[in-house]
J.: 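Please read through the structure below; I'll follow up with questions.
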There are 2 protein chains.
Amino acid sequence: MPPKYRQIAAELRDRIISGHFATGDRLPTEQRLMDDYGVSRNTVRLATALLVNEGLIERVPGRLGGMLVRAQLMLTYHASRAEMPHGLWPESDAWFGEVQAQGYQPSQRFEMRIAELPAELAERLGVEADSPAGLRRCIRMVNGQPSSLQDTWYPMDLCEQVPELLSPRDIPQGTTRLLAERGFPQPAVEDDLVAMMPAPEHVQLLNLAAGTPVLAFTRTGFAPSRPVRVSVTIFAGHLNRVVYTLGDADVIARHRDGQ
Amino acid sequence: MPPKYRQIAAELRDRIISGHFATGDRLPTEQRLMDDYGVSRNTVRLATALLVNEGLIERVPGRLGGMLVRAQLMLTYHASRAEMPHGLWPESDAWFGEVQAQGYQPSQRFEMRIAELPAELAERLGVEADSPAGLRRCIRMVNGQPSSLQDTWYPMDLCEQVPELLSPRDIPQGTTRLLAERGFPQPAVEDDLVAMMPAPEHVQLLNLAAGTPVLAFTRTGFAPSRPVRVSVTIFAGHLNRVVYTLGDADVIARHRDGQ
DNA sequence: ATCCATTTGTGCGTATGTATG
DNA sequence: CCATACATACGCACAAATGGA
């Protein structure tokens with residue numbers, strides 16, 4: 001027989017998944033659970049901590065607080081559509097469009113600075129670790145909630161050839177098109193996706209609840225002569241999914257239309 | 001000032017990330033941390049629970065147990081290479097090859113059964129929810145450790161046309177080629193990736209430590225006339241990453257060779 | 001096979017702090 | 001200012017797992 005706290009967690013989990021508790025509902029208070037199950041507060045906390053770590057609930061202190069069932073809002077990001085392969089329109093526009101098409105309210109915030117390239121990213125760009133590079137950071141929000149964090153790095157010599165990259169504001173036509181106009185098209189990209197628990201920095205910037213995993217999405221863009229940029233996007237788990245379409249897209253479109 | 005348990009967690013986290021503690025090292029015992037920091041055992045457990053949830057350590061009871069720094073082994077899965085677009089070789093062979101090329105020892109286990117399609121997957125296949133379907137499950141292991149879990153669903157009517165799909169053993173030429181030979185090539189696939197905390201079933205099958213996120217990778221394969229299968233692969237986080245190459249792969253290959 | 005020592009796992013009770021309405 | 005809810009922290013006890021004597 002599993003320990004009490006796991007049994008209690010399992011019961012509550014089932015009631016959440018089955019829809020007995022809906023999004024935004026309050027679970028019974030800790031005191032109530034202590035009485036119902038005849039256990040100590042410690043045991044109740046162990047049980048509910050599991051649910052917090054699974055991302056099913058969040059805890060809110062205060063008079064009208066409690067343990068709330070979290071929303072399972074899901075946003076789709078079409079990785080093979082944006083900026084690939086001929087559709088060279090600005091990625092931020094693509095993102096705005098996708099979010100709005102899904103019925104949500106997008107917004108974003110920009111920052112620009114010069115920073116030292118972490119070793120792992122420097123290798124992808126084929127430059128030395130810790131060399132300086134242009135870093136454009138974009139925090140994207142959906143309905144006011146931080147949703148993803150994108151850091152795009154450009155090698156320093158490229159920034160000198162294309163000084164607009166150092167602009168602290170959004171670049172209207174998009175950096176990908178800007179680079180293409182200056183002789184650095186990106187006919188190929190390599191993406192790399194991994195699920196991980198967020199670093200403390202990401203928890204803060206994305207306002208993540210404990211137990212929320214993130215999807216780290218790294219895209220390296222290649223000009224014919226060299227890699228020109230690497231973007232690291234941290235997607236808040238649960239809130240985002242990334243979609244790729246490979247092969248003959250018409251086949252899929254035909255099927256969708258047929259439905 | 002942050003609470004004590006967070007301070008203690010932060011110190012230990014820094015020492016792990018900075019390499020002061022290496023993979024496999026034991027952290028000080030709970031008793032030792034109580035003495036060092038002058039706190040109760042409860043506080044030590046709160047602190048170390050954070051690190052467990054971040055996937056940094058695992059706890060092992062027993063005489064020579066302790067809190068061990070977890071390995072950060074990383075395996076790469078080339079999603080756009082296996083079985084796409086002309087290279088129609090068996091996916092399991094592709095996986096074996098990739099793992100071996102990275103210096104690890106692959107193995108896998110098969111199961112086959114008929115089961116009811118979950119609503120979400122039924123929609124992708126364009127059939128009714130809860131209708132029966134052929135389910136092929138493959139548990140893949142690296143160096144004996146469960147690494148990923150793949151469930152592939154085939155609509156029932158397709159299984160009747162291609163009865164080998166119901167074979168409980170591995171299909172030598174691979175199911176994708178088998179289907180192509182029987183008139184169901186897959187010129188297009190759609191992939192869908194999301195980071196999530198594992199369901200209890202996944203925790204058990206993949207032998208996951210608490211706090212390990214997973215990458216759920218869903219691939220829908222389309223024949224010209226219809227979708228023919230949907231595969232759901234659960235990758236244990238930390239252990240796996242998924243890579244896509246989009247556009248002109250030669251551009252990337254040239255750059256690699258040039259290094 | 002038994003017993004013992006060590007380390008984490010589970011559970012109890014209590015007290016005080018903090019956030020919110 | 002109060003009431004309610006979760007947050008942090010102390011202390012204690014016994015169970016379970018593991019490895020060695």
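Order of the sequence lines sets the chain letters (A, B, ...), proteins ahead of strands, with each chain counted from 1.
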J.: According to salt bridge (charged side-chain N to carboxylate O under 4.0 Å, His left out), who are the partners of B/Arg41, at least two apart in sequence or on a separate chain?
T.: B/Glu30

J.: From D/dT8, C/dT10, C/dG13, pick the nucleotide closest to the side chain of B/Tyr5?
T.: D/dT8

J.: Which listed nucleotide (D/dC6, C/dG9, D/dA9) is nearest to the side chain of A/Arg41?
T.: D/dC6

J.: Mind checking who D/dG20 pairs with, Watson-Crick or G-U wobble, both distances under 3.5 Å?
T.: C/dC3

J.: Evaluate the side-chain proximity of B/Leu12 to B/Met67: yes if any heavy-atom separation is below 4.5 Å, no if none is.
T.: no

J.: Using a heavy-atom cut-off of under 4.0 Å over every strand shown, decide if A/Thr29 touches base, sugar-phosphate, or nothing.
T.: sugar-phosphate

J.: Once you round it to whole Å, what is the distance between P of D/dA5 and CD1 of A/Ile57?
T.: 15 Å

J.: Take the protein atom OH of B/Tyr37 and the nucleotide atom C1' of D/dC10, then report the distance between them rounded to whole Å.
T.: 19 Å

J.: Rounded to whole Å, please give me the gap between CD in A/Glu30 and P in C/dG13.
T.: 15 Å

J.: Go through the side-chain N and O atoms of A/Ser148 and A/Tyr77 and say whether any donor and acceptor fall under 3.5 Å apart.
T.: no

J.: Do B/Arg59 and B/Thr48 have side-chain atoms, one donor and one acceptor, less than 3.5 Å apart?
T.: yes

J.: By nearest heavy atom, map B/Gln31 and A/Ser40 onto DNA chain C; which one lands nearer the 5' end?
T.: B/Gln31

J.: Can you check whether B/Arg45 has a side-chain N or O nearer than 4.0 Å to OP1 or OP2 of C/dG9?
T.: yes

J.: Please give, in whole Å, the distance from C/dG9 P to B/Glu58 CD?
T.: 11 Å

J.: Expressed in angstrom and rounded to an integer, what is the separation of A/Asn42 atom CG from C/dA15 atom C1'?
T.: 14 Å

J.: Counting only side-chain nitrogens and oxygens, does B/Thr43 get under 4.0 Å of the OP1 or OP2 atom of D/dC10?
T.: yes

J.: Can you see whether A/Tyr37 engages A/Gln7 through a side-chain donor-acceptor pair at a distance of less than 3.5 angstrom?
T.: no

J.: Using a cut-off of 4.0 Å on non-hydrogen atoms, how would the nucleic acid contact of A/Arg26 be classed: base, sugar-phosphate, or nothing?
T.: sugar-phosphate

J.: Could you tell me how far apart A/Met1 (CE) and D/dA16 (C1') are, to the nearest whole angstrom?
T.: 15 Å

J.: Measure the distance from CE on A/Met34 to P on D/dC6 and round it to the nearest whole Å.
T.: 11 Å

J.: Quick one, A/Ser147 and A/Asn240 - any side-chain contact, counting heavy atoms below 4.5 Å?
T.: yes

J.: Tell me, which of residues 59-68 of chain A have any heavy atom that sits under 4.0 Å from an atom in DNA chain C?
T.: A/Pro61, A/Gly62, A/Arg63, A/Leu64

J.: Could you state the CZ-C1' distance from A/Arg6 to C/dG9, rounded to the nearest angstrom?
T.: 10 Å

J.: Report yes if some heavy atom in the side chain of A/Ile114 is under 4.5 Å from a heavy atom in the side chain of A/Leu166; otherwise report no.
T.: yes

